[in-house]
Every structure is written in structure tokens, then in C-alpha cells.
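Just so you know, ligand 1 is whichever comes first in the structure, and atom 1 is the first atom listed for that ligand. The residues of the chain are indexed from 1 along the displayed sequence. Note that these values count all heavy atoms, side chains included, but never hydrogens, waters or copies made by symmetry. Predicted, not measured: the structure shown is a model, and the values here were computed from it.
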Amino acid sequence: MAEAPAAPERPRIVCSDNGPEAPYPLQMEGEVISGFGRGSKELGIPTANLPVDESQMTWIANITSGVYFGYAALRLPANHPDIPAATSSSNGDSSSTEYHIFPMVMSIGYNPFYKNSKRSAEVHILHKFAQDFYGAPMRLLLLGFVREEKNYAGVEALIEDINIDCEVARRSLDRPAWTPREGVVGKGTGTLDGSWLVREDKA
Ligand code: ADP
Ligand code: RBF
Ligand code: MG
């Protein structure tokens, strides 16, 4: 039997240095729900799932299934260990910023490897959390596309590609035009407008 051809080298950075281009940024929000319980966490890539309502978010019904990257803002409960001690915010008033911004990479689609019948949206946040945050309000700013979703011969190949996706997202976001003015947890600030992520909840 002939060996499978080696997978082509993937670029480690995507999109223009000048920042996101139309149709991005795309916005999505909801509360973190339980996913398929397949033990993504055990594989080292926990994914926070959001409900997908294609009738409310028409763009998601038409978007290509695949991997996207951008930022997630989380409103963690007051006693959560991952709330940063000193929160940077654009106006210097740390008490007004309830949402904290983290870099993320996400999958939107049917997960052909698992043959789901329903479209899912799951977000891997590029931060090591000490505790889960099921139920937390989460806002997503999708800034760019990484690749289409694929099927895989084995779970190892899937994990390998997801790890490359994480590196692509990290490096692509680590540019001034891709970094929010409002600040990213553990990182600096840039020139991107991230105000939607941290705006106050409507009463
Ligand atoms: P499920 O099938 O319920 O989605 P996962 O194994 O995918 O289970 O774990 C997801 C949960 O793990 C999230 O809902 C969140 O509470 C927690 N979590 C911890 N660290 C992260 C992270 N870095 N990114 C996303 N979720 C995380
Ligand atoms: N599932 C697939 O079947 N094909 C994919 O190409 C794929 N890409 C993913 C990329 C990222 C960044 C993430 C977070 C998930 C992806 N998934 C994909 C979903 C994956 O199967 C799911 O998270 C499993 O629960 C991992 O065990
Ligand atoms: Mg999940």
C-alpha cells in the first residue's frame, strides 16, 4: 500500500498586517453551554460551546464551515479564579469593565470527524483556566478565517491540525492592528476597536 502523501506545510500567520477585512468583524454572543461531552478537555483542547440559532444569526447559516479566529470576551462570576487582578480598560476605570478579552480560535460546522447532524460553534480560548465557566456570558468577535473543516483518519491528525490552528491564531492576532485598544488579558493593547466586546450589558 502506498503511504498517504505528506500534508502540505501550513502557513503560521494569515490575513493582512493591516487588520481585519470585510465581512469581518462578525459578532456572536450567548451563554456557554455543555457540548458533546467528548472529552475535548482530556485532549488538551477544551471548547466552550455556544448555542447556534441560524434563524437569529443569518450570517452563521451562510458562513463556510471551518476554523475562525478572533477574540472572546467572558463575564466570569465574581469568585472565579481567572479574573485578572488588575484589569486594564480603555478609560482607566477597572470597575466598569466586567468582560475580559481573550484570544480564541473556533470551529463552526458539522465536525465531519464525528459526523454531527447539527451545526455547532465551539471556542478554544488561548488561556489556561483554573476552573470551568459553564453558564458564563460570552461574546465573540470573529476576525478572520483559517481553514475549511476536514475529516481525519484518526484523532491524532485532528489534534495536530487544531494545535496548528492555535499557533496560527496566536501569531495572527499578535499584531497591533489585530489587538484591541481595550486590552487583552496577559497582553498589551493595540489599535483594533474591541468596544463591542466590553460594552455594558443592557439593563
Ligand atoms: P463540553 O463538551 O461540555 O463542551 P469540553 O471538554 O469541550 O466539554 O470543555 C469545555 C469547558 O471547559 C468550557 O465550557 C469551559 O467551561 C471549560 N474551559 C476551560 N478552559 C477552557 C479554554 N481554554 N477554552 C474553552 N473552554 C475552557
Ligand atoms: N472537527 C472536525 O471534524 N474537523 C475539523 O477540521 C475540526 N477543526 C477544529 C478546529 C478547532 C480550532 C477546534 C477547536 C475544533 C475543531 N473540530 C474539528 C472539532 C473537534 O472535533 C471537537 O472540538 C472535538 O470535540 C475534539 O475532540
Ligand atoms: Mg466543548
Residue, atom and distance of the protein heavy atom nearest atom 3 (O) of ligand 2 read Phe113 N, 2.9 Å
Protein contact of atom 14 (C) of ligand 2 - nearest heavy atom, named by residue and atom, plus distance
Thr47 CG2, 3.7 Å
Counting from 1, what ligand 2 atoms have a heavy atom of Tyr152 closer than 4.0 Å?
4 (N), 5 (C), 6 (O)
Just need the protein heavy atom nearest to atom 4 (N) of ligand 2, so name the residue and atom and give the distance.
Lys150 O, 2.8 Å
Provide the protein N, O or S atoms situated under 2.8 Å from the Mg ion (ligand 3); waters are not included.
Thr47 O, Thr47 OG1, Asn49 OD1
Hydrophobic cluster identity match, Val67 and Tyr114, side-chain contacts under 4.5 Å
no
Checking contacts here: is it the side chain or the backbone of Leu43 that comes within 4.0 Å of ligand 2, counting heavy atoms only? Could be both or neither.
side chain
Give a yes/no on ligand 2: does Glu148 have at least one heavy atom closer than 4.0 angstrom to it?
no
Are Asp165 and Arg10 close enough for a salt bridge, meaning some N to O gap below 4.0 Å?
yes
Here the side chain to side chain donor-acceptor pair (under 3.5 Å) pairs for residues 63-77, sequence neighbours left out, are Ser65-Arg119, Arg75-Asp201
Best match, Ala169, Ser40, Ser107, Ala48: closest heavy atom to atom 15 (C) of ligand 2
Ser107
What protein heavy atom sits nearest atom 22 (C) of ligand 2, and how far off is it?
Glu122 OE2, 3.5 Å
Touching ligand 2 at all, Tyr110? Heavy atoms, strictly under 4.0 Å?
no
N/O to N/O under 3.5 Å, ligand 1 against protein:
{"unit_1": "ligand 1", "atom_1": "2 (O)", "unit_2": "Phe36", "atom_2": "N", "d": "3.3"}
{"unit_1": "ligand 1", "atom_1": "2 (O)", "unit_2": "Gly37", "atom_2": "N", "d": "2.8"}
{"unit_1": "ligand 1", "atom_1": "3 (O)", "unit_2": "Gly35", "atom_2": "N", "d": "2.9"}
{"unit_1": "ligand 1", "atom_1": "3 (O)", "unit_2": "Tyr134", "atom_2": "OH", "d": "2.7"}
{"unit_1": "ligand 1", "atom_1": "4 (O)", "unit_2": "Gly35", "atom_2": "N", "d": "3.3"}
{"unit_1": "ligand 1", "atom_1": "4 (O)", "unit_2": "Thr47", "atom_2": "O", "d": "3.1"}
{"unit_1": "ligand 1", "atom_1": "4 (O)", "unit_2": "Asn49", "atom_2": "OD1", "d": "2.8"}
{"unit_1": "ligand 1", "atom_1": "6 (O)", "unit_2": "Lys41", "atom_2": "N", "d": "3.1"}
{"unit_1": "ligand 1", "atom_1": "7 (O)", "unit_2": "Thr47", "atom_2": "N", "d": "3.0"}
{"unit_1": "ligand 1", "atom_1": "7 (O)", "unit_2": "Thr47", "atom_2": "O", "d": "3.1"}
{"unit_1": "ligand 1", "atom_1": "7 (O)", "unit_2": "Thr47", "atom_2": "OG1", "d": "3.3"}
{"unit_1": "ligand 1", "atom_1": "8 (O)", "unit_2": "Tyr134", "atom_2": "OH", "d": "3.2"}
{"unit_1": "ligand 1", "atom_1": "16 (O)", "unit_2": "Phe133", "atom_2": "N", "d": "2.8"}
{"unit_1": "ligand 1", "atom_1": "23 (N)", "unit_2": "Ile125", "atom_2": "O", "d": "2.9"}
{"unit_1": "ligand 1", "atom_1": "23 (N)", "unit_2": "His127", "atom_2": "O", "d": "3.0"}
{"unit_1": "ligand 1", "atom_1": "24 (N)", "unit_2": "Ile125", "atom_2": "N", "d": "3.1"}

Here the atoms of ligand 2 under 4.0 Å from any heavy atom belonging to Tyr114 are 21 (O), 24 (C), 27 (O)
Counterpart residues, ring pair (Phe, Tyr, Trp, His ring centres under 6.0 Å), relative to Phe133 (two or more places apart)
Phe129
Where does Phe36 meet ligand 2, judged by heavy-atom distances below 4.0 Å: at the side chain, the backbone, both, or neither?
neither
Taking the side chain as every heavy atom from C-beta outward, state whether Ile164 and Arg12 have any atom pair closer than 4.5 Å.
yes
In terms of its nearest heavy atom to atom 7 (C) of ligand 2, the top option of Asn111, Asn163, Leu158 is Leu158
Closest to atom 8 (N) of ligand 2 among protein heavy atoms sits Arg147 NH2, 3.1 Å
Backbone or side chain, does any N or O of Pro112 fall under 3.5 Å from an N or O of ligand 2?
yes
